[in-house]
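Notes for the one structure printed next.
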Amino acid sequence: MSVATIVSQSTPSGFSAIAVIRLSGPKAIEIAQKLSKNNKPFKHRTAQIRKIFSEKSLIDKAVFTAFLSPESYTGEDVVEVSCHGNIHICETTINEIVKLGARIAEPGEYTRRAFVNGKLNLVQAESIVQLINAKSVEAVKHQTRNIDGGITDKIKELKESLISILAYMEYELDVSEEVFLDPKTLKKVKKTVKDNLKTAKSMCNTFDQGGALSYGVKVAFVGKPNVGKSTLVNKILGIEKSIISNVPGTTRDTISTETTIGGIPTTLVDTAGIHLSENEIEKEGIKRSFKEIKSADLVVLLFCDGVEVVDINEDIEKIFVYNKIDLQPYTGEDRKVVPISASTGQGITSLVKQIRKRLGLLKANAAEPLITTIRQKSAMEKVSTSLSKTLKLLGENVEEIELPAQEVRNAINNIDLFTGKTTTNDVLDQVFSTFCVGK
Ligand code: GDP
């Protein structure tokens with residue numbers, strides 16, 4: 001089956017100085033020549049000014065840049081048409097390109113082709129979608145690092161090391177037809193497996209930070225009316241968003257605000273004060289508060305002098321915060337309680353540090369490549385499991401190597417799952433469906 005040539009707008013639809021329409025596939029060059037009614041050849045990575053025609057009418061003058069296969073984003077012939085950013089120009093141009101033999105690209109189809117053509121692995125493809133959707137500079141930096149190698153380089157080292165010990169084992173099994181390893185080799189194999197297990201586990205642990213960078217975290221502020229939830233959220237945000245009032249129950253609904261804490265995209269949810277209420281609107285607000293609490297990564301439970309803490313029996317990370325120390329210092333015994341004054345700002349820096357710590361966001365070294373998707377984490381957990389089993393088998397059966405060798409093979413297969421070398425179409429569909437059209 002021949003590969004279709006695909007087209008779509010790579011820039012957002014609307015009115016702008018320029019818009020980019022991208023064509024990729026075996027007919028990209030021919031279609032671009034017909035679109036511009038100009039049969040001159042295209043040179044690799046060279047921009048040319050050409051006209052765009054729809055049937056016989058001139059539609060626009062645009063910059064056509066060709067990237068010849070295999071040195072293009074997708075690995076196929078690609079032509080990028082940078083025309084004026086007008087929706088009618090773009091629509092007419094795309095319609096004309098379709099008439100000339102292309103079809104509209106599906107979401108993520110360019111990157112999927114880049115993956116299929118070996119231009120990037122699945123981790124790099126995932127990093128591209130996360131880079132486009134990144135909500136903080138730190139997230140941008142990490143994804144860029146992963147596209148450029150990052151976690152891929154680390155995983156390559158892991159795989160090479162496992163292949164080298166598998167070679168020892170297979171040599172014994174196939175060539176010398178021995179089922180035992182000599183003590184010296186066994187010691188070496190065990191050490192390598194142990195080291196790699198440590199690496200795999202520490203890579204899994206980077207997901208706390210990496211997952212937070214890509215998916216963001218949610219922190220809910222919970223407490224009785226008037227304990228200072230809105231004041232605290234506003235203090236953290238440094239902007240006034242919630243209505244601050246000393247009338248209980250003003251924040252009747254939950255208010256979510258996106259910010260970054262230590263570079264991590266964070267949604268701060270100011271919940272409605274939790275108390276018994278007969279008021280229907282307040283009751284609805286309180287119901288929503290509980291919904292937010294359930295989906296939060298961390299709950300900050302506020303109380304102050306004379307107002308007790310709301311007891312939530314959810315299995316979620318919690319921080320107990322005593323507010324209004326400017327009025328009455330905290331005299332309780334619980335050392336885990338963070339005393340603050342939301343109005344004066346006293347104690348807020350250490351509270352924010354606590355929040356980061358409790359979300360596991362202080363652990364990672366900033367330069368360390370991170371695992372940033374659930375798919376990557378689950379593949380890396382499988383690598384870890386196979387290596388734990390290998391170590392156990394090597395310990396149990398002393399020198400026998402048939403079964404541990406099989407587990408090392410499993411670990412290598414799971415590494416291939418991680419990078420997408422062996423991946424089912426379902427997984428690929430899932431990964432690429434998260435892309436926007438045009439990428
Ligand atoms: P919420 O109902 O829990 O969201 O409470 P608010 O943030 O609306 O605060 C209720 C009242 O307490 C307001 O008058 C705030 O100015 C006041 N308040 C909040 N935090 C502090 C604080 O640290 N010290 C003092 N003195 N007043 C505070």
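Atoms within each ligand, like the ligands themselves, are counted from 1 in listed order. When reading the values below, keep in mind they use all heavy atoms of this one structure, side chains included, and skip hydrogens, waters and symmetry mates. Remember, it's a predicted structure, so these values are computed and weren't measured experimentally.
Contact check on Arg375 versus Glu126 returns a salt bridge, with a Lys/Arg side-chain nitrogen under 4.0 Å from an Asp/Glu carboxylate oxygen.
In the vicinity of Ser341, heavy-atom distances shorter than 4.0 Å reach the ligand 1 atoms 22 (C), 23 (O), 24 (N). Of all the atoms in ligand 1, the ones that sit under 4.0 Å from a non-hydrogen atom of Asp326 are 22 (C), 23 (O), 24 (N), 25 (C), 26 (N). The Leu327 neighbourhood of ligand 1 comprises atoms 26 (N), with distances under 4.0 Å to a heavy atom of that residue. Counting the atoms of ligand 1 from 1 in the order shown, those under 4.0 Å from a heavy atom of Ser230 are 4 (O), 7 (O). Applying the 4.0 Å criterion to heavy atoms of Lys229 picks out, from ligand 1, the atoms 1 (P), 2 (O), 3 (O), 4 (O), 5 (O), 7 (O).
You'll find the side chain of Leu213 reaches within 4.5 Å of the side chain of Ser136, heavy atoms only.
There is a side-chain donor-acceptor pair under 3.5 Å between Thr111 and Tyr73. Judged purely by distance below 3.5 Å, without hydrogens or angles, the side chains of Ser295 and Lys218 pair a donor atom with an acceptor atom. The closest side-chain donor-acceptor pair between Thr344 and Asp326, if any, does not fall under 3.5 angstrom.
When Asn226, Val227, Val222 are checked for heavy-atom proximity to atom 11 (C) of ligand 1, Asn226 turns out nearest.
Once rounded to the nearest 0.5 Å, the distance linking CZ of Arg409 with CG of Leu162 reads 12.5 Å.
Contact annotation for Leu302 and ligand 1: no heavy atom of the residue comes within less than 4.0 Å of the ligand.
Crowding of Leu58 atom CG: a count of heavy atoms from other residues, nucleotides or ligands under 6.0 Å exceeding 12.
Checked by distance only, ligand 1 and Thr231 come closer than 3.5 Å through their nitrogen or oxygen atoms. Considering backbone and side-chain atoms together, Ala342 places an N or O closer than 3.5 Å to an N or O of ligand 1.
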